[in-house]
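Below is one structure; the comments refer to it alone.
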2 protein chains.
Amino acid sequence: MKTYSIGEVAKELNLTVYTIRYYDKEGLIPFVERSESGVRLFKESDIAALNVIECLKASGMPIKEIKNFIDWCAEGDATLQQRYDMFMERKATVEAQMSELRKTMEVIEHKCLYYQTALEAGTEDIHKQENIAASIPGSR
Amino acid sequence: MKTYSIGEVAKELNLTVYTIRYYDKEGLIPFVERSESGVRLFKESDIAALNVIECLKASGMPIKEIKNFIDWCAEGDATLQQRYDMFMERKATVEAQMSELRKTMEVIEHKCLYYQTALEAGTEDIHKQENIAASIPGSR
DNA sequence: ATAAACCTTAGAGTTAACTCTAGGTCAAGC
DNA sequence: GCTTGACCTAGAGTTAACTCTAAGGTTTAT
């Protein structure tokens, strides 16, 4: 079976070798086998596992919690419920992050328009003037 | 004009007083005035500014870059272009984060289904079996 | 066969963003 | 007048997630 070195895996996943060794130290990839001389030999399935780890990380999960999941995986079918619950919870937090991001986006887009108008006018005062004008009844 | 104490502002924005003082130390809120005895007096507009800061933070901008923006604001109309460019760039990075999150969500949803099926079957092997069956031509 | 380019570990260092402590001031209520 | 609680500063401590260094072993290409 074909295997990959830590450097190859790092390049493929856009990680540093330091990061992968750090993950190993933290117990995220206990299943990676070694050559007789101690060199890590990554299988395709190990790379797939690292991709799942990256996904969990992207969802905001801290490394220690990812380790819990990895431990559960090693324990087999007895932990299926925990793992299911974990992914359902992840789904909820990612949904929350998305709605948070949408709110952030709204404010940013509003600011883009604000500065576009100000740039066109050559001054930020345009917005103050607008508000003053708008606040005087019958001003137009 | 009504003002608010750091404790009131912290409660309203769901921050700690430590965090707000830290922001002040980092130069994010140089416009907040003080009483004669040195107590911070937050105006409504200061709270609005903190909301913008929170928005930039939520967009992933580091505190030092937020400080650049605050400095630009103090410099007036000469920096309108920089500020416009900054928000346009923010918009792009938030869009990138959203598409990243969508990809993450897809993987997580896939995993939810995976574990749901496994739970129903009582074993994760169901997925291995499925693949083996699917790989044998004429097996159904 | 030897140099270059990998790999290994243990452990120290870095960075960002808080978070807290110590020691003090101040304003309000009893 | 004195206690209580909220404010102040300077600076130390924390945490997560890397990131790197030192010292050495291994593999590969000429």
B:Glu75 with B:Arg83: basic N within carboxylate O range, under 4.0 Å: no

Atom-to-atom span, OH of B:Tyr4 to P of D:dA6 - whole angstrom: 19 Å

Pairs involving residues 10-65 of chain B, ordered by first then second residue, that meet ring pair (Phe, Tyr, Trp, His ring centres under 6.0 Å) (sequence neighbours left out): none

B/S/- contact track for nucleotides 9-20 of chain D, protein heavy atom under 4.0 Å: B-B----SBBBB

Pairs of donor and acceptor atoms involving the side chains of residues 84-91 of chain A, under 3.5 Å and at least two apart or interchain, shall be tabulated with distances.
unit_1, atom_1, unit_2, atom_2, d
A:Asp85, OD1, A:Gln81, NE2, 3.0
A:Arg90, NH1, A:Ser59, O, 2.9
A:Arg90, NH1, A:Ser59, OG, 3.0

Set of salt bridge (charged side-chain N to carboxylate O under 4.0 Å, His left out) partners for B:Lys57, sequence neighbours left out: B:Glu54

Side-chain (B:Thr79) to main-chain (B:Trp72) donor-acceptor, under 3.5 angstrom: yes

Length of the line joining B:Leu41:CG and D:dA6:C1', which is rounded to integer Å: 13 Å

Non-neighbouring partners of A:Ser37 that pass side chain to side chain contact (heavy atoms under 4.5 Å, CB included), sequence neighbours left out: A:Ser35, A:Val39

Close approaches to DNA chain D from residues 90-98 of chain B, in residue order (heavy atom, under 4.0 Å): none

B:Glu109 (side chain) donor-acceptor with B:Glu106 (main chain) under 3.5 angstrom: no

Any residue of residues 47-56 of chain B with a heavy atom less than 4.0 Å from an atom of DNA chain D: none

Rounded distance [0.5 Å steps], CG in A:Leu50 versus CD1 in A:Ile47: 7.5 Å

Under 3.5 Å: donor-acceptor pair, side chain of B:Asp46, backbone of B:Ile29: no

Side chains of A:Thr104 and A:Ile108 in contact at under 4.5 Å (non-hydrogen atoms): yes

Listed partners of A:Arg40 passing side chain to side chain donor-acceptor pair (under 3.5 Å), at least two apart: A:Asp24

Sequence-distant partners of B:Glu33, salt bridge (charged side-chain N to carboxylate O under 4.0 Å, His left out), two or more places apart: B:Lys43

Separation of atom CZ in A:Phe42 from atom C1' in C:dT8, rounded to whole Å: 13 Å

Side chain to side chain contact (heavy atoms under 4.5 Å, CB included) partners of A:Lys67, counting only residues at least two apart: A:Leu28, A:Asp71

Could you list the protein-to-nucleotides 2-4 of chain D atom pairs, N/O on both sides, closer than 3.5 Å?
none

Which atoms of nucleotides 23-30 of chain D (N or O only) lie under 3.5 Å from a protein N or O atom, and what are those distances?
unit_1, atom_1, unit_2, atom_2, d
D:dT27, OP1, A:Ser37, OG, 3.1

Interatomic distance, B:Glu33 CD vs D:dC8 C1' [rounded to whole Å]: 18 Å

Pair B:Tyr4-B:Glu44, side-chain donor/acceptor within less than 3.5 Å: yes

Whether B:Tyr114 and B:His127 hold their rings parallel, tilted or perpendicular, with breakpoints at 30° and 60°: parallel

